[in-house]
Amino acid sequence: MTNVRVRFAPSPTGPLHIGGVRTALYNYLFAKKHGGTFILRIEDTDQKRYVPGAEEYIVKSLEWFGLTSDESPLAGGDYGPYRQSERKSMYKKYAEELIEKGFAYYCFDTSDELDTWRKENEASGNQGVKYNYLTRGEMKNSLSLSPEESRKLLDKGENVTIRLKIEPNRSITINDEVRGDVTFNSSDLDEKVIFKADGMPTYHLANIVDDHKMEISHVIRGEEWLSSTPHHLLMYEYFGWTPPSFSHLSLIIKPVGKGKLGKRDGAKFGFPVFPFDWFDTKTNETFIGFQETGYLPEAVINFVSLLGWNPGNDEEIFTMEELIKLFSLDRIVKAGARFDVDKSKWFNQQYIIAKANTELADLLKPMLVERNIDVTEDYLLKFVDLMKERVEMLPDFFTGGAFFFSMPEEIEEKMARKKYKLENRPHFDAMIEMMRNMQQFTSSAIETTIKSYISENELGFGAILPILRLGTCGTMKGPDLFETMELLGQQEVIDRLSSSLEVFTEIKNRQNA
RNA sequence: GCUCCGUUCGUAUAAUGGUUAGUACACUUGGCUUUCUACCGAGUAAUAAGGGUUCGAUUCCCUUACGGAGUACCA
């Protein structure tokens, strides 16, 4: 395959969502696999739905995931501009070219007229009427009106759109790379507007003009475009251009229930749908992001890559480089994939465990600031090392490891009641005293000290160690007790144990009373 | 409604015209262990239904059911 050029072409109408991330990823992987070019093109032809900040959000998201584009509005390139609004001037002549060739025609119906036309039809039982070869005769357009009338309306210049003209009864076949041959009959197609009254092209025109001019070789996009692909193919034919190859990706489905994953499903099911937090100024809603939830971008990429694609073997942890090597369009799954929250968490955990302590520490630093926690670099690194394998999301470091920064107010009393024996108090006091006298407060030294005390006094681990853990951590969950103690430090451990023992004794006395 | 697409354990998926239908997550359970993890081992669990074609179908064909997408001067 030579000269692979693919594009990711989002519309800046809101934040990039997980389905878009997957589409971008597959485009990226395909381009890199074939030594091709990955292009970011912003499709901002709809002025009404344009959302300020959305483009920046999309760019930032792609960056976070490492999906760097070779050509884009920011990076530039030989095929620019890469924003359709900046290409506005060139689309009209293509629309007019189609009219000259007889492959398109002017329309003068207003949106309201079309609206009522559809509603009337529906009311009389005719659902889903189309503007096509059968109905265009009853509408206002350059095919139904006399040339003089058309001319007049055209000169007036109000509500003029251009529609694609489609001859009935032609078989149009898409050779889709993932779905195989998909055939449509042209009689079933509607004659879509390709040029709007506001002077902007619609997606259909802009898309094929740009794909052609940017020499896009492979179009990899969402399934929602499959049914308009015959229109696109027709336009390539009308212009005399060679169409690119097409691959249509199935959609990502809600974790439970029906339908495609929507932006509100995140809040509903407790997981993010967007890369970063997003505040919708129209509805005053806040949507949570993968980053803020504590996902690592490489984990999300790995997870998403396997949502509708697989390399054909049993492996599933892949770096971007490996994905590039392994990716192929023919291993894309046709069926829609459900977003599995549990699996995404598992991936994140795997990636956290595998990540270098220093890198994790860097990610945690802003979170330390937020929480007003002040520790040394050395302390942070050791903390990370002890906690990393029991963390799924980044913030879990602070929920699960809170006791590394201060003794919890609440101690798990149940365990104290169960395990603490008043008659062991002298032993605990003795052990604290031994700790106080230790020259080197290292985990191995503490371990030897405690364990030999236990065996010398024939106490049993079960009666002592849980209490020591509870007394220093306030919880039964946590890393190796002796390593935890070493990190906490001699004085801190002694202080915590001393005051905890008072609490335990009190609990026990209350229980006995 | 119409057009198009899809359907293998709960989920993501593998494989095959003849197999004990594999793997991972989740779940249950055993081991390791001072706890929680991680790790290692075991277990539960699937070819949507009905017709064909065939010696034989989960695999090919048809129908049905269910799910999805499109049906805008939105992308």
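What you see is a predicted model; the values in this text were computed from it and never measured. Side chains included, hydrogens not; waters and symmetry mates left out as well; all remaining heavy atoms used. Proteins get letters first, then strands, A, B, ... in listed order; numbering begins at 1 in each.
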At under 4.0 Å between heavy atoms, what does [X] touch on the DNA or RNA strands: base, sugar-phosphate, or nothing?
X	value
A:T161	base
A:N126	nothing
A:G308	sugar-phosphate
A:F347	nothing
A:P10	nothing
A:Q350	sugar-phosphate
A:S344	nothing
A:L481	base
A:V333	sugar-phosphate
A:N159	base
A:N185	nothing
A:R331	sugar-phosphate
A:A197	base
A:Y203	base

To the nearest angstrom, how far is [X] atom [atom1] from [N] atom [atom2]?
X	N	atom1	atom2	result
A:I174	B:U3	CD1	P	16 Å
A:F397	B:A38	CZ	C1'	13 Å
A:R221	B:C5	CZ	C1'	15 Å
A:D176	B:C5	CG	C1'	10 Å
A:Y453	B:U34	OH	C1'	18 Å
A:I252	B:G6	CD1	P	18 Å
A:L226	B:G6	CG	C1'	11 Å

Taking only the [atom1] atom of each, what is the distance from [N] to [M] in whole angstrom?
N	M	atom1	value
B:C40	B:U58	C1'	34 Å
B:A65	B:U54	P	28 Å
B:G6	B:A38	P	39 Å
B:U7	B:C60	P	10 Å
B:G70	B:A12	C1'	26 Å
B:A46	B:C39	P	27 Å
B:A21	B:A14	C1'	10 Å
B:U3	B:U64	P	12 Å

Mind checking who [N] pairs with, Watson-Crick or G-U wobble, both distances under 3.5 Å?
N	value
B:C36	none
B:A69	B:U3
B:A48	B:U64
B:U23	B:A12
B:A42	B:U28
B:U58	none

Exercise for the section: Map A:G312 and A:K192 onto RNA chain B by nearest heavy atom, then report which one ends up closer to the 5' terminus. Expected result: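 Here A:G312 is the residue nearer the 5' end.
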Exercise for the section: With sequence neighbours excluded, tell me which residues meet salt bridge (Lys or Arg N to Asp or Glu O under 4.0 Å) with A:K130. Expected result: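 Counting only residues at least two positions away or on another chain, A:K130 forms no salt bridge (Lys or Arg N to Asp or Glu O under 4.0 Å).
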Phosphate OP1/OP2 of [N]: any [X] side-chain N/O under 4.0 Å:
X	N	answer
A:N310	B:A14	yes
A:K477	B:U37	no
A:K196	B:A75	yes
A:Q349	B:U37	no
A:R49	B:C73	no
A:T45	B:A75	yes

Whether the [X] and [Y] side chains hold a donor-acceptor pair (N or O, under 3.5 Å, no angle test) is what I'd like checked.
X	Y	answer
A:T475	A:E412	yes
A:H248	A:R179	no
A:Y295	A:S344	yes

Handout entry: No-H, no-angle donor-acceptor pair, A:K343 side chain to B:A26 base, under 3.5 Å
Key =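 Answer is no: no donor-acceptor pair is held.
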Exercise for the section: Assess whether one donor atom and one acceptor atom, taken from the side chain of A:R179 and the base of B:C5, lie less than 3.5 Å apart. Expected result: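 Answer is no: no donor-acceptor pair is held.
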Please check if the side chain of [X] supplies one atom and the backbone of [Y] the other of a donor-acceptor pair under 3.5 Å.
X	Y	answer
A:T110	A:E113	yes
A:S144	A:M139	yes
A:D280	A:K282	yes

Please determine, for the side chain of [X], which listed nucleotide ([options]) has the closest atom?
X	options	result
A:R390	B:U35, B:U37, B:A72	B:U37
A:D480	B:G68, B:A38, B:U34	B:U34
A:E224	B:U11, B:C36, B:A75	B:A75
A:S111	B:G70, B:C73, B:A38	B:C73
A:E223	B:A69, B:G6, B:C74	B:A69
A:A335	B:G6, B:C4, B:U71	B:G6
A:L465	B:U34, B:A75, B:A69	B:U34
A:R469	B:G6, B:U34, B:U13	B:U34
A:K48	B:U34, B:C73, B:G6	B:C73

Exercise for the section: Mark yes or no: A:R163 above the aromatic ring of A:Y131, with NZ or CZ under 6.0 Å from the six-membered ring centre and no more than 45 degrees from the axis. Expected result: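 Ring-cation test returns yes.
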Exercise for the section: Any chance you could measure A:F428, atom CZ, to A:Y420, atom OH, to the nearest 0.5 Å? Expected result: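 Those atoms lie 6.5 Å apart.
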Problem - CA sep, side-chain torsions, deciding dist, call: A:I166, A:F103, side chain to side chain contact (heavy atoms under 4.5 Å, CB included) - result: CA-CA 7 Å; A:I166 298 174; A:F103 294 134; over 6 Å; no
